[in-house]
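One structure is given here, and the rest of the page talks about it.
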Amino acid sequence: MPPAHPFDDDKLKEECGVFGAVGVENAASVVALGLHALQHRGQEAGGIVTHDFAHGFSSARRFGYVRDNFTDAETMATLPGPIGIGHVRYSTAGSKGATQIRDVQPFFGEFSMGGAAIAHNGNITNALALRKELVERGSIFQSSSDSECIIHLMARSMGKKIPDRMEEALRKVEGAFSVVAMTRTKLIGCRDPLGVRPLVLGQLGDGWVLASETCALDIINATFIREIEPGEMVVASEKGVESHFPFRRAKSRFCIFEHVYFSRPDSILGGRSVYETRENIGRELAKENPVDADLVCPVPDSGTPAAIGYSLESGIPYAMGIIRNQYMGRTFIEPSESIRNMGVRLKLNVNRALVKGKRIILVDDSVVRGTTSRKIKEMILEAGAAEVHFRIASPPTAWPCFYGVDTPQREKLLAATMTEEEMRSHLGVDSLKFISLDGLYRAVGEANGRDPKAPAYCDACFSGEYPVKPADMVEQGFEMNTAAE
Ligand code: SF4
């Protein structure tokens with residue numbers, strides 16, 4: 001089961017992972033392996049597009065895991081060629097819970113100078129306005145995905161080459177986008193001007209690869225070259241890599257939550273090990289919020305590095321007080337309501353012998369709705385723990401994300417409607433403390449904490465300060481944080 005956290009319905013979820021390769025033998029297999037390593041970024045569906053000169057463009061898009069769809073020889077034989085891109089998705093804007101195969105990326109467009117396919121991680125915050133304008137001017141959309149706007153904008157461009165058209169299209173797009181695209185011979189990667197979502201460049205033999213995270217380079221034994229810079233477009237081919245900066249230069253506002261939760265702990269972000277950053281977060285959390293206790297336990301698996309950091313800093317022993325069933329599958333819980341109601345117990349079990357009579361510090365990465373935090377607390381107390389203290393490795397999540405992460409509506413976020421003390425009482429724990437925003441910034445390498453005048457990261461889900469105005473949502477009535485404007 002790929003998700004890193006057992007409570008899929010009570011966590012923010014990254015919506016996509018992208019991968020591309022050019023100049024490699026059997027690109028589809030390389031792409032499939034890359035996507036498999038990125039499966040934590042989206043488990044609902046995946047797709048691969050390839051090209052070779054004998055067959056033209058080929059594509060396969062499927063629901064479900066990469067390992068179940070892109071491993072059999074028959075499917076892979078339908079995807080020939082030395083260039084390919086792929087995408088895994090949770091559920092992008094437009095069709096949550098009711099995805100159709102036409103919404104699964106990569107998307108493909110045929111232009112006068114040849115075809116192009118595109119895959120996108122992020123969210124276009126002016127997609128509704130763009131779509132309306134494009135439809136009024138005659139575009140016929142095939143999907144409900146915001147990413148398809150890019151293909152239609154490219155179709156309307158007068159650029160002579162596909163990369164020129166893509167540049168022009170992306171200049172009209174607002175929001176967060178890490179795009180991987182391909183023509184017949186070129187692999188293109190581009191990050192939005194603020195670089196909200198990640199994208200890295202690697203080398204594999206004489207070929208090049210692009211991926212959302214470095215863990216996808218490791219699986220194919222590619223060499224990490226560098227991150228694509230915010231606002232940069234790279235065009236890779238068998239001749240090498242060209243770099244362009246099509247947008248006005250802006251200060252980077254990378255998503256700070258990638259460090260906390262979304263990225264895999266074995267990835268490197270901004271030159272920093274995600275695992276080590278999470279351990280630092282745990283250390284900061286312990287410095288800011290000490291408590292007398294007997295054991296530090298992670299909520300597995302995503303709370304583990306922060307719990308280790310908390311233990312190292314506080315000197316309180318670390319222990320696996322909760323054990324996750326690694327083999328829990330969705331299908332098992334579907335047939336029976338009574339089994340489904342067992343919920344958390346199916347996925348986690350408390351290590352009774354360890355927690356009985358002890359004062360337990362439970363470290364988790366975030367609190368979103370709080371429903372599962374309550375259940376965990378009940379399980380720990382039932383197992384005989386003397387006290388339960390929650391320590392959270394991110395600040396209170398009080399605002400929705402509009403940049404490619406699935407968040408409940410603001411009213412459903414516990415921190416949007418309750419103070420910290422109210423949340424503690426609601427969860428029924430002895431204490432509840434979150435890392436501060438400054439503490440989180442220190443843990444990711446900003447020694448002086450958050451600079452309120454020019455924050456180094458996007459932290460809108462904590463601060464309500466959106467680095468790109470979510471225009472479509474504001475149009476639909478979303479109220480921005482006026483204090484932050
Ligand atoms: S709002 Fe939060 S989750 Fe979304 S990009 Fe910003 S920091 Fe990341």
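What you see below is based on every heavy atom in this structure, not just the backbone, and it leaves out hydrogens, waters and symmetry mates. Note that the coordinates shown come from a computational prediction; the quantities given were computed from them, not determined experimentally. Atoms within each ligand, like the ligands themselves, are counted from 1 in listed order.
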(request) Using the side-chain hydrogen bond (donor to acceptor under 3.5 Å, both in side chains) rule, pick out the option among Ser147, Ser145, Ser144 that qualifies with Asp103. (result) Ser144
(request) May I ask you to decide if Tyr457's main-chain N or O and Arg253's side chain share a donor-acceptor pair within less than 3.5 Å? (result) yes
(request) State which residue, out of Glu288, Glu420, Glu284, fulfils the salt bridge (charged side-chain N to carboxylate O under 4.0 Å, His left out) condition with Lys433. (result) Glu420
(message) Checking contacts here: is it the side chain or the backbone of Glu258 that comes within 4.0 Å of ligand 1, counting heavy atoms only? Could be both or neither.
(response) neither
(message) Donor-acceptor check, side chain of Glu148 to backbone of Ser143, threshold 3.5 angstrom: yes or no?
(response) yes
(message) Inside 2.8 Å of atom 4 (Fe) of ligand 1 but strictly below it, how many protein N/O/S atoms are present?
(response) 1
(message) Side chains of Gln203 and Thr223 only: does a donor on one sit below 3.5 Å from an acceptor on the other?
(response) no
(request) Dump the intermediate steps for side chain to side chain donor-acceptor pair (under 3.5 Å) on Tyr403 and Asp192, then the final yes or no. (result) CA-CA 11 Å; Tyr403 307 137; Asp192 67 77; over 6 Å; no
(request) State the atoms of ligand 1, each with its element, that fall below the 4.0 Å cut-off from a heavy-atom position in Arg197. (result) 5 (S)
(message) For the backbone of Phe434 and the side chain of Asn289, can you confirm whether one donor and one acceptor N or O come within less than 3.5 Å of each other?
(response) yes
